[in-house]
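Heads up, the thing below is written out as structure tokens.
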Amino acid sequence: MRLYNGLTKHQQQLEPLSETVRIYSCGPTVYDQAHIGNLAAYIFADSLRRAISAEGHQVLHVMNYTDVDDKIIARSAKNYPQLEPDQALTELTSKYIAQFNDDMVAIGNQLEAYKFIKATDSIEEMKQLIIELHKAGFAYLADDGVYFSIAKYRQSGKVYGQLSTITDSSTSEARIQNDEYDKATPHDFALWKKQKPGEPAWPLSIDGQDLSGRPGWHIECSAMSQKQLGIPFDIHTGGIDLIFPHHENEIAQSTALHKGPIMAGIFAHNNHVLVDGRKMAKSANNFYTLADIAAKGFEPLALRLMILQTHYRREAHFSWQNLEAAQNRLNNWRATADLVWQANPQMTDIPAISWQEAALQPVMSDNLDTPRAIFLIDQLFGQWNGGISTQDAQQLRQYLISVDSYLGLNLSTTTKLSQESQKLLDERHTARVAEDWATADKLRNQLLKADVEVRDTPQGQIWNHRR
RNA sequence: GGCGCCGUGGCCGAGUGGUUAGGCAGAGCUCUGCAAAAGCUCGUACACCGGUUCGAAUCCGGUCGGUGCCUCCA
């Protein structure tokens, strides 16, 4: 498996650090419905893990739920004013965690393949890390919380900003203006924020000071990844917008106390989903959710295919036309999948594109080249319009399993025709042989009502399930 | 302002020096009793200007346009 590493800006061979490939994916902040752009990041992470697994590696894939942060606190206070802050928080986050899990399943991600972890279940580890960072001189106390010192980090010989290649001069001006916190320097970031009135809080005391409050965003991922995967682990994923400051800060926190390699060997970031040329975002109010897609009659899996048709390092374009194209392609692929049940002994066709050429493994291990994989599938599937031979049908069954293992489109779940439908199909065959067109057409309509489409070829009828 | 990325036919999207990628959408034709996600054909794409080269969508320079991060963000 070759992967582009944001750390080195080059592709490299994935060489597992241990028997199990350890992946950490920055998960959702559970204060609202995920939109398509958010989901794209998880489709990417899921595809990556699928590909690594398919290569025969054991994988431990951890994803966090960020279930405490400023936005969550604000939203929970607003939605549940009658509850205590911590109860309101739990109420809100549990609702959206459930929603997120539903979305994950809907878009074809393998929920059972992840180890999920909530930030609020790792507060102790976060506190411990903060205390150690403070003890080692990388953190300092301020009026409103605990901060990480970039200067101290650099003094210790470590590099800050290697992912984003960001410099002091490039950020300082913009950041000072937005600086609401009591930082020593603009780059420094909060490890811990002291409680304000009406906010949930966890106890923390350093140097005898009561710092009760909540963890900063970045420390959550550092503590959770370290707890679940150790240091260093193999791959860290997230959207490109997480490169700075989130991942830079994670690296600093996780690396400050360690000698040797930094927190993860490979950082893999997916690009944005665009709408009308602009990044889909809550703040821009140009986002769509799975519910919006469903309302227009499209399936979440069509969205998955639409996302996968663009390489993860490139910007993907969301449009209804694009989604429709993906939905049609998905439907056509399913129709081909149904051929698995319709092997025709008369057919001797051998695919013009060989099974070997259509193998997904080589292209998927080439930096997760999903567009190429889709092209190969198109090539292969386009060959059985007149029917499929017994041997090809058998191989197709195997191929579908492979497609599903990589792309998660559930093509191999194709089901046999029901007995009733099969009976109608047989009757229609008889009617056609007898040139009783009226009956044949009637039967075709009956089948359609059972969501079975039929077409006639010189070799006989071919059916497919309608979605 | 700093650091990046991108610009291919209606919509996507491959293609890193030399034959039509492909999909979806559209038009026409054909096969078929009709129909069909069937077959065939078509629109002759590569932002612009230079340069390198026998030859560039593909390399180099510039121009224009778009956009991302720098603030919560997938």
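From a predicted model like this one, the values you see are computed outputs, not experimental measurements. Computed from heavy atoms alone, side chains included, the values below leave out hydrogens, waters and symmetry copies. Order of the sequence lines sets the chain letters (A, B, ...), proteins ahead of strands, with each chain counted from 1.
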I'd like the [atom1] distance from [M] over to [N], given in whole Å.
N      : M      : atom1 : answer
U53(B) : C70(B) : C1'   : 41 Å
C72(B) : G66(B) : P     : 27 Å
G23(B) : C59(B) : C1'   : 30 Å

Where protein sits on nucleotides 9-15 of chain B, one letter per nucleotide: B base, S sugar-phosphate only, - none, heavy atoms under 4.0 Å | -BSSSS-

Given A25(B), is OP1 or OP2 found less than 4.0 Å from the side-chain N or O atoms of Asn328(A)?
-> yes

Going by salt bridge (charged side-chain N to carboxylate O under 4.0 Å, His left out), name the pairs with one or both residues in [range], residues two or more places apart or in two chains.
range                       : answer
residues 271-282 of chain A : Asp241(A)-Lys279(A)
residues 359-373 of chain A : none
residues 285-302 of chain A : Glu299(A)-Arg334(A), Glu299(A)-Arg467(A)

Tell whether Asn271(A) reaches the base of C5(B) with its side chain through a donor-acceptor pair below 3.5 angstrom.
-> no

On a plain distance test, is the side chain of Asp241(A) in donor-acceptor contact with the base of G68(B) below 3.5 Å?
-> no

5'-most contact on RNA chain B: Gly239(A) or Glu324(A), nearest heavy atom basis?
-> Glu324(A)

Start at the 5' end of RNA chain B and walk down; is the nucleotide closest to Tyr42(A) or to Asp456(A) reached first?
-> Asp456(A)

Using a 3.5 Å distance criterion without hydrogens, assess whether the side chain of [X] forms a donor-acceptor pair with backbone atoms of [Y].
X         : Y         : result
Ser225(A) : Ser222(A) : yes
Ser47(A)  : Ile43(A)  : yes
Glu435(A) : Arg432(A) : no

List in chain and number order the residues that pass side chain to side chain donor-acceptor pair (under 3.5 Å) with [X], two or more places apart in sequence or in another chain; answer none if no residue qualifies.
X         : result
Glu91(A)  : none
Gln346(A) : none
Trp333(A) : Asp378(A)

Side-chain donor-acceptor pairs under 3.5 Å in residues 21-36 of chain A, sequence neighbours left out?
from     : atom 1 : to        : atom 2 : distance (Å)
Arg22(A) : NH1    : Leu229(A) : O      : 2.7
Arg22(A) : NH2    : Pro232(A) : O      : 3.2
Tyr24(A) : OH     : Asn64(A)  : OD1    : 3.2
Ser25(A) : OG     : His61(A)  : NE2    : 2.8
Ser25(A) : OG     : Thr237(A) : OG1    : 2.7
Gln33(A) : OE1    : Thr289(A) : OG1    : 3.4
His35(A) : ND1    : Asn38(A)  : OD1    : 3.2

Is it the case that more than 12 heavy atoms not belonging to Lys118(A) sit under 6.0 Å from its NZ atom?
-> no

Near RNA chain B, which residues from residues 22-31 of chain A have a heavy atom under 4.0 Å away?
-> Thr29(A)

RNA chain B contacts made by residues 71-79 of chain A, counting heavy atoms under 4.0 Å = Lys71(A)

Pairing string, 5' to 3', for RNA chain B - Watson-Crick or wobble contacts under 3.5 Å, brackets [ ] where pairs cross, | to another strand = ((((((((.[[[)....(...]]].(((((.......)))))....[[[[[..)....]]]]])))))))....

Just checking [X]: base, sugar-phosphate only, or nothing, at a heavy-atom cut-off of under 4.0 Å?
X         : value
Arg432(A) : base
Asn385(A) : sugar-phosphate
Ala335(A) : base
Gln327(A) : nothing
Asp378(A) : sugar-phosphate
Gly277(A) : sugar-phosphate
Asp441(A) : base

Of the options Phe44(A), Tyr4(A), Tyr42(A), which is the one that meets Tyr312(A) in a ring-ring contact (aromatic ring centres under 6.0 Å, His included)?
-> Phe44(A)

Can you label the angle between the His247(A) ring and the His236(A) ring as parallel, tilted or perpendicular, going by 30° and 60°?
-> tilted

Is any NZ, NE, NH1 or NH2 atom of the basic residue among Asp70(A) and Arg214(A) found under 4.0 Å from an Asp or Glu carboxylate oxygen of the other?
-> yes

What's the closest nucleotide to the Asn270(A) side chain, out of A74(B), U67(B), C24(B)?
-> A74(B)

What nucleotide, of A35(B), G33(B), A74(B), holds the atom closest to the side chain of Arg455(A)?
-> A35(B)

For Ala77(A), enumerate each residue passing the side-chain contact (heavy atoms from CB on, under 4.5 Å) test, keeping only those at least two apart in sequence or located in another chain.
-> none

